[in-house]
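Have a look at the structure below before the remarks.
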There are 2 protein chains.
Amino acid sequence: MFELGQLRCFVAVAEELHFRRAAARLNMTQPPLSRQIQMLEQELGFPLFLRSSRAVRLTPAGAVFLDQARNLLRMAEGAAQEALRVARGETGSLTIGFTAASSYAALPRLVALVRAGAPGIELNLREMVTGEQWTALRAGAIDLGLLRPPAHGLPFLRLEREALLLALPRAHPLAGEEAVDPAVLEGQPLITYPPLDGRYLHDLVLSVLRLSGVAPGRVQHVSQTHSILALVGAGIGLALVPQAAERFRPVDVVLRPLRGTPPLLAELILTWPEAGNPVLEAVLAVLRREWAEPARGTPRT
Amino acid sequence: MFELGQLRCFVAVAEELHFRRAAARLNMTQPPLSRQIQMLEQELGFPLFLRSSRAVRLTPAGAVFLDQARNLLRMAEGAAQEALRVARGETGSLTIGFTAASSYAALPRLVALVRAGAPGIELNLREMVTGEQWTALRAGAIDLGLLRPPAHGLPFLRLEREALLLALPRAHPLAGEEAVDPAVLEGQPLITYPPLDGRYLHDLVLSVLRLSGVAPGRVQHVSQTHSILALVGAGIGLALVPQAAERFRPVDVVLRPLRGTPPLLAELILTWPEAGNPVLEAVLAVLRREWAEPARGTPRT
DNA sequence: TTTCCTTACGCCTATCGTAAGCATA
DNA sequence: TATGCTTACGATAGGCGTAAGGAAA
């Protein structure tokens with residue numbers, strides 16, 4: 001097969017229609033140029049030029065091949081440029097796994113920051129629960145995970161810290177209070193996260209209860225926060241949910257801080273398999289620089 | 001700039017993710033393959049692979065470059081194939097200049113024969129008068145000319161020979177005759193071709209008159225046959241036109257052979273700049289093989 | 001005679017293959 | 001210890017440059 005150098009020789013001769021001038025343009029002498037063209041012609045199996053000792057002309061097949069050669073050379077340069085931009089993290093694509101809950105506040109903010117700070121980078125978004133995200137991170141199916149701790153040793157960035165709020169029906173006697181005493185949970189049916197799939201929030205809720213010295217009644221496990229809120233609204237029980245739930249709270253449910261509770265904060269982290277992907281590095285650089293924990297990430301005072 | 005050989009090395013390693021197996025596939029040993037990849041990486045300015053002494057993985061930029069490299073290699077092979085087909089005359093395009101008169105019989109027949117006999121060849125058709133065709137042939141703007149003689153020394157193929165017929169209004173007293181005596185032209189107004197632009201037919205008409213010993217009256221010069229026929233229909237005068245005019249004769253005009261006239265035949269030729277274009281050769285081969293002068297090309301008996 | 005492409009020939013460089021080096025599981 | 005990529009080194013082949021050849025205006 002021919003080589004790109006031969007194509008460069010061919011294009012030069014085809015454009016100059018003069019071997020000596022073409023050779024000068026290529027910074028070489030003319031005999032080796034003649035040989036390169038001959039070898040190219042032999043490789044291709046047809047003549048590219050009609051040499052009449054006084055003039056050089058392209059054959060019809062040569063004219064066709066000239067178009068192709070120019071295309072190939074242009075594409076070759078473009079290929080290097082394109083990949084170089086990816087290597088520099090200036091362009092490329094990342095796939096982000098995110099939990100349903102994060103899609104209301106953290107995810108839109110993250111997408112907006114990346115769009116503004118690294119406009120060449122395309123983000124593919126895939127909603128999946130925390131457990132799926134770990135699998136996907138290990139398999140390389142996603143480049144970033146937006147999920148709850150722990151990070152299992154992987155590098156991570158903490159995006160949000162939010163207090164757990166008590167979710168109770170609007171019709172509940174204490175719904176009008178500014179803040180609610182944890183004691184009301186004593187013996188009450190509680191809806192909380194499952195210990196495996198939603199381990200982090202499950203443990204966090206238990207910590208809150210333990211620290212408050214409260215023992216709830218029957219406990220129901222539901223993994224998605226919006227389902228929990230729906231059950232609360234239906235009067236099935238009370239629940240402790242992260243503050244972000246305020247964004248998708250049904251109208252018949254209200255969220256209230258627990259009075260006197262030590263600030264147990266639910267964290268949302270961004271994690272990734274490892275360093276080395278420049279596109280990823282570019283996105284992380286933007287986030288480290290631009291992301292400031294919003295005021296709403298701290299509990300109401 | 002990198003070379004296609006390096007791309008082949010890169011694609012092999014990227015597909016095998018294993019230098020030794022890739023080297024085997026490329027019929028070389030593994031150390032030079034490593035060097036080629038290193039040189040390619042240095043050329044590009046970014047690493048293509050992450051080597052961890054136990055596994056080889058593509059970097060994100062490497063994955064992008066793999067796509068580009070595959071495209072380039074595929075295009076390189078395609079380029080040679082495409083141009084080779086042109087060199088063999090199997091495909092390509094030709095531009096044909098043709099006169100308005102030829103577009104009724106000779107041109108459609110020619111196009112049909114080429115379509116059937118050389119299906120890969122595309123024909124571009126450009127109507128132009130004979131004089132324009134000569135300029136275009138010299139400039140390379142058309143590859144073939146469908147025009148009246150002479151060929152001015154260029155190679156040519158005679159496509160048709162047709163008698164000159166007398167065009168006269170249907171209302172003319174002699175319109176009912178099977179053939180007309182040339183003597184009727186004596187002193188009559190005559191519409192014929194201009195001596196410069198339509199030189200060939202002009203001279204041919206004069207020859208017919210001279211051989212018949214007839215001197216017409218006032219002579220009007222009009223270059224396009226369909227215009228001549230329109231003037232005949234309007235009673236402006238009589239005319240001698242090639243038999244092909246039968247195809248686009250107005251209903252109020254009839255064409256009749258001249259009785260006793262020696263067979264002065266108007267020829268239509270196909271001419272081209274020179275040999276050497278395989279696409280042209282392929283078309284000419286088809287025409288030489290398939291073209292038979294049709295019966296309608298000879299004068300009525 | 002001049003121009004311009006091709007052929008011939010010697011040198012040099014770049015690539016290949018073999019062998020040794022080095023890190024990891 | 002085995003596997004697998006890299007480094008080192010000598011041999012070879014392919015490409016470049018100089019010089020001579022040959023055809024056409």
How close or far is atom C1' of C:dT18 from atom CE of B:M28, stated in whole angstroms? 14 Å
Which one, D:dG15, D:dT18, C:dC16, comes nearest to the side chain of A:T29? D:dT18
Could you check how far CZ of A:R8 sits from P of D:dG15, rounded to whole Å? 15 Å
Rounded interatomic separation in angstrom, taking CG from B:L26 and C1' from C:dG17: 15 Å
Is the backbone N or O of A:L4 less than 3.5 Å from a side-chain atom of B:E3, with the two atoms forming a donor-acceptor pair by type? yes
Identify the pairs formed between an N or O of the protein and an N or O of nucleotides 2-5 of chain C at a distance under 3.5 Å, and give each distance.
residue	atom	partner	partner atom	Å
C:dT3	O2	A:R54	NH1	3.0
C:dC5	OP1	A:F19	N	3.2
C:dC5	OP2	A:R20	N	3.4

Are B:S34 and B:Q38 close enough that a side-chain donor and a side-chain acceptor fall under 3.5 Å? no
Rounded to whole Å, how long is the line connecting atom CD of B:Q36 with atom C1' of D:dT7? 16 Å
Report the distance from atom CG of A:L33 to atom P of C:dT6, rounded to the nearest whole Å. 9 Å
Under the ring-ring contact (aromatic ring centres under 6.0 Å, His included) test, which residues partner A:F49, sequence neighbours left out? A:F10
Looking at B:L159, is its backbone amide N or carbonyl O close enough to the side chain of B:W291 to form a donor-acceptor pair, meaning the two atoms are under 3.5 Å apart? yes
Rounded to whole angstrom units, what separation is found between the CD atom of B:Q42 and the P atom of D:dT6? 14 Å
Classify the side chain of A:R35 and the base of D:dG17 as holding, or not holding, a donor-acceptor pair under 3.5 Å. yes
Please pick, from D:dC16, D:dT18, C:dG17, the nucleotide with the shortest atom-to-atom distance to any side-chain atom of B:P32. C:dG17
Separation of D:dC5 atom C1' from B:R57 atom CZ, nearest Å, is 16 Å
Apply the side-chain contact (heavy atoms from CB on, under 4.5 Å) test between A:L144 and each candidate in A:L157, A:T95, A:L284, A:L287; give the one that qualifies. A:L284
Backbone N/O of A:L48 and side chain of A:E41: donor-acceptor pair under 3.5 Å: yes
Quick one: does A:T59's side chain have a donor or acceptor within less than 3.5 Å of a partner on A:P47's backbone? yes
Rounded to whole angstroms, how far apart are CG on B:L48 and P on D:dT6? 12 Å
Closest of C:dA8, C:dT18, D:dG15 to the B:P31 side chain is C:dT18
Using heavy-atom distances to pick each residue's nearest nucleotide on DNA chain D, tell me which of A:S52 and A:Q6 is more 5'. A:Q6
